[in-house]
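Comments concern the structure below.
In each ligand, atom 1 is the first atom listed, and ligand 1 is the first ligand listed. This is a predicted model, so every value here is computed, not measured.
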Amino acid sequence: MATQVELSPEYTNTQPDEVLERIAAVRQRLGDRLVILGHHYQCDDVVRFADFTGDSFKLARLATERPKAEFIVFCGVHFMAESADILTPDSQKIILPDLGAGCSMADMATMGQTEEAWNVLTEIHGPESYLPITYMNSSAAIKAFVGKNGGVVCTSSNATTVYDWALKQDKRIIFLPDQHLGRNVGFEMGIPLEDMILWDPFKIAADNLATGVSDARVVLWKGHCSVHERFLVEHIDQLRKEQPDVQIISHPECTFDVIQKSDFSGSTEKIIKTIEASKPGSKWAVGTEINLVHRLAQQNPDKEITSLSGISCLCATMYRIDPPHLLWALENLEAGNIVNQISVDPETSQWAKIALDRMLSLA
Ligand code: 13P
Ligand code: SF4
């Protein structure tokens, strides 16, 4: 993967207000040639320039619905920009303002590890015995692998629909790479915990098989989000003791125990809609990334909204998209220099699109 170039002092030494003014000006000059998409975890000074905001599912759909834009500047993380590239025609350029904006969870399933697990498990039960599901938070290569093997992508907003479809295929499921989303949604769909067993990519096959993973209805990949794993049951217990009327809503990347103790769970978009629709005066503790929690608190002044955790749960890679990088990307585009284009090779793209289109047709 290409690495991010260091920005020149023209961008790093400019006063924050001037950076914002220049972004607004260049954005206006680029007009309809440009669409800026912003994930809900982006900071306020980036979100203010987004033409559309959303969770990863909504943003993927929005990318497909803007065929006239020459440039889609994706203020989010790498796997989201890759998915937008796969779903849009070659004539549209997808730009990620900082190439360092990755996702540690997506990096937890590599192709080599995935193929090894697949080969070991299908060797036991036969090549048609498993259906792979990958969370959107995975590389294009993993999505392509899933597409090639009859599987599908899911996001946190459509995982139950996708799971339901997969369970009807009457196959065992391999869920990549987030064990928590896979377990939380699997349990919601009626699969007992003991029928969902972890595959640890850092263990040898024999050690994995010793856990009984090949008998499981669902094989859960041992990946996680380090931001969401920081929300703990102890936080919920403490909050409920201090404020018995608080309602807790958490992202399904949180652990099973946290989700079981929360009142609601859902994608970033669902979290926003649930809180917006709640009664004035209601109290909420939110188990998700801090930029979104702060924005929710600002936009709902009639409600009390805090983070579920006392420690600030920030997604450091999302945070790499900052106003100086956005300005640098936009001014370069205007000058005819296409910087930080995210481009998936045609072979990978073709197979990954099958898995993404399957998701879009279900949800
Ligand atoms: P959403 O699809 O709910 O926005 O989640 C994406 C993500 O990366 C959460 O960590
Ligand atoms: Fe990845 Fe977690 Fe950041 Fe979401 S919050 S982009 S899963 S590291």
Check: H180 main-chain N/O paired with N184 side-chain donor or acceptor under 3.5 Å
yes
Please report the C-alpha distance between I272 and L292 in whole Å, then the side-chain angles of each, then the deciding distance to 0.1 Å, and finally whether the side chain to side chain contact (heavy atoms under 4.5 Å, CB included) criterion is met.
CA-CA 9 Å; I272 294 169; L292 174 55; 3.8 Å; yes
Please produce the table of protein N or O atoms sitting under 3.5 Å from N or O atoms belonging to ligand 1, one pair a line, distance to 0.1 Å.
unit_1	atom_1	unit_2	atom_2	d
ligand 1	2 (O)	S56	N	3.0
ligand 1	2 (O)	S56	OG	2.6
ligand 1	2 (O)	S156	OG	3.4
ligand 1	3 (O)	S156	OG	2.7
ligand 1	3 (O)	H251	NE2	2.8
ligand 1	3 (O)	T268	N	3.0
ligand 1	4 (O)	H39	NE2	2.6
ligand 1	4 (O)	S56	N	3.4
ligand 1	4 (O)	T268	OG1	2.6
ligand 1	5 (O)	H251	NE2	3.3
ligand 1	8 (O)	N137	ND2	3.1
ligand 1	10 (O)	E253	OE1	2.8
ligand 1	10 (O)	E253	OE2	3.0

Y41: numbered ligand 2 atoms lying under 4.0 Å from its heavy atoms:
5 (S)
Among all protein non-hydrogen atoms, which one is nearest to atom 1 (Fe) of ligand 2, and what is the separation to 0.1 Å?
C103 SG, 2.4 Å
Quick check on atom 1 (Fe) of ligand 2: does C315 put an N/O/S atom closer than 2.8 Å to it?
no
Show which atoms of ligand 2 fall inside a sub-4.0 Å distance from at least one heavy-atom site of E253.
2 (Fe), 7 (S)
Could you find the nearest protein heavy atom to atom 2 (Fe) of ligand 2 and give me its residue, atom name and distance?
C225 SG, 2.4 Å
Given side chains that start at C-beta, do those of C154 and M136 come closer than 4.5 Å, heavy atoms only?
no
Given T288, D55, N291, T268, the one that forms side chain to side chain donor-acceptor pair (under 3.5 Å) with Y41
T288
Would you say the ring centroid of F145 lies under 6.0 angstrom from that of W351?
no
So, do F264 and W284 have ring centers that fall under 6.0 Å from each other?
yes
Any ring pair (Phe, Tyr, Trp, His ring centres under 6.0 Å) involving residues 146-175? Give me the pairs, sequence neighbours left out, ordered by first then second residue.
Y163-F175
Under the side chain to side chain contact (heavy atoms under 4.5 Å, CB included) rule, what do I248 and S250 come out as? Steps first, then yes or no, please.
CA-CA 7 Å; I248 293 168; S250 307; 3.9 Å; yes
